[in-house]
Protein chains: 2
Amino acid sequence: MDAQSATPLSTFDKLDPQKRGRVLEESLAEFAEHGYHQASVNRIVGRLGIAKGSLFQYFGSKEGLFRHLFSRALEEIKTPLKAIRDADTGEAFPLRLRRVFVEGAAFARSHPLIWRVYRRMVTQDGFPLREQLLSQVRGEALTYFRELVEGGQTRGEIRPEVDPLAAAFLIEAALDRALTAQDSPLLDAGFGLSSNDESTRRARLAALADMLSRGLMPPTGDTNAPRAHD
Amino acid sequence: MDAQSATPLSTFDKLDPQKRGRVLEESLAEFAEHGYHQASVNRIVGRLGIAKGSLFQYFGSKEGLFRHLFSRALEEIKTPLKAIRDADTGEAFPLRLRRVFVEGAAFARSHPLIWRVYRRMVTQDGFPLREQLLSQVRGEALTYFRELVEGGQTRGEIRPEVDPLAAAFLIEAALDRALTAQDSPLLDAGFGLSSNDESTRRARLAALADMLSRGLMPPTGDTNAPRAHD
DNA sequence: CCGGAAAATGACCAGGTGGTCATTGCCGCT
DNA sequence: AGCGGCAATGACCACCTGGTCATTTTCCGG
């Protein structure tokens, strides 16, 4: 899982924990704000009030710094994400989907820097570890959703003709967009996910989850997909 | 609509049309490949085999070049997009949604450079005209979907309790992700949207559209949203 | 064939980048 | 008190960026 990132870091580890925390925080903030290429080591050391040489002594290179932040963030994220995943396994599918949306959104809100870096890594290139991120973290999310759907199918809560892979793809796309809209009014475009009122946000998230569960059309007995006339 | 971009461009307009086309094409390719900040004027003139000064004489600045490309692309896009929007207005909602997905994907495929720049502008910052892009182009898409849903509701093809704004948001998110996955196997993650086989892609797109229409759950007579037990 | 204007050119500029390293300063050990 | 080693420092480096402009080349009308 944690693969590499195995730089020694002897010097950095001996630092005063408070300073160490500040270094990590400010660096992460820089990457969150500017992406990878556009992030500036000069700016980081400027904010921190330390010499540039020090940062390079700690992490070897800009990429080394980023890799360190990445593995740190991965550790920090694991536990709460597993908690979301494993909670209330017995719940019916539509409620569980709602809960995942709401709690996913809360998670993104509680880790704003990590979330922003994640989004940047997914959508921009040039990030180190991007492939690993996509195949592991995002891949795990997709697998989780797929299994959720498959479980729902064995319990009769999801139509058997639904392709679990396709469903997982759709759910992930919706959740991803929802969380992104959360901290970008421009992307939210008035829908309400970037509102400051928590109950508004919850309502919108629930609405999205419910539309995925129930669909847009009125219920019909027809079990087949809509048929084209060509 | 076309707002500014009103640079004179007298010199550039007098150029041999073939050369003019090459300049626009290669520049657009650079922005598509590297985004705005990471795009390099030096690289562009290198590819083109012209002097740097020339490019600055044509467009004044890097931003001027981009603005010119942007308004060009906007013009190029208008007609085909309107064609997709206005085709077959009488069709039933689920079929129409399918069609929009399939034709939207075909459109993105037929304008790969413009599509990639669009995606970059939406997800990255630092692009000039980003706000305009989001509020106009993407806003228009959202409006279109909202009206589609509202029309479906008056015809009884969509449940009346569905919020058209939320539905538009969800549809746009799904379509956007589908088109993005189309040219990125990593984002596709094995779903099949980046397949080279057109019928496979069509099938996946239709599957997504159908899930939106019919939902994941089996049909029930219940008209209310799923109820939580807390 | 010439003259003048417009267009093409690329050396050059200031400013920023990630990265280096000789020097300095500090801190603990004997 | 003095030493030894490690950590902090910031001037410095090569490279790249967008942008400029004096100079040369091209082209066209008389």
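In the text below, chain A, chain B and the rest are named by the order of the sequence lines, each starting its count at 1.
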Listed pairs, N/O of protein and of nucleotides 4-7 of chain D, under 3.5 Å:
from, atom 1, to, atom 2, distance (Å)
dA7(D), OP1, Lys14(A), NZ, 2.9

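- Residues meeting the ring pair (Phe, Tyr, Trp, His ring centres under 6.0 Å) test with Tyr144(A), sequence neighbours left out: none.
- The side-chain hydrogen bond (donor to acceptor under 3.5 Å, both in side chains) pairs that include a residue from residues 39-53 of chain A are Glu26(A)-Arg47(A), Glu30(A)-Arg43(A), Glu30(A)-Arg47(A), Glu33(A)-Arg47(A), Asn42(A)-Lys52(A), where partners are two or more places apart or lie in different chains.
- Using cut-offs of 30° and 60° on the angle between ring planes, the pair Phe59(B) and His68(B) is tilted.
- Heavy-atom distances to DNA chain C give each of Arg43(A) and Gly53(A) a nearest nucleotide, and the one nearer the 5′ end belongs to Arg43(A).
- For residues 179-191 of chain A, no residue pair satisfies the salt bridge (charged side-chain N to carboxylate O under 4.0 Å, His left out) rule, not counting sequence neighbours.
- At the heavy-atom level, Lys62(A) lies under 4.0 Å from the strands shown only through sugar-phosphate atoms.
- In the 5' to 3' direction, nucleotides of DNA chain C lying under 4.0 Å from heavy atoms of chain A begin and end at dT17(C) to dC21(C).
- No side-chain donor-acceptor contact under 3.5 Å links Arg204(A) to the backbone of Ser195(A).
- Salt-bridge annotation for Asp176(B) and Arg119(B): present, with a side-chain N of the basic residue lying under 4.0 Å from a carboxylate O of the acidic one.
- Contacts between residues 32-42 of chain A and DNA chain C, counted as heavy-atom distances below 4.0 Å, involve Ala39(A), Ser40(A), Val41(A), Asn42(A).
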Next on the checklist: Could you walk me through whether Asp125(B) and Arg120(A) satisfy the salt bridge (charged side-chain N to carboxylate O under 4.0 Å, His left out) test, starting with their C-alpha distance in whole Å, then the side-chain angles of each, then the deciding distance to 0.1 Å, before giving a yes or no?
Outcome noted: CA-CA 10 Å; Asp125(B) 29 34; Arg120(A) 290 202 119 98; 2.6 Å; yes
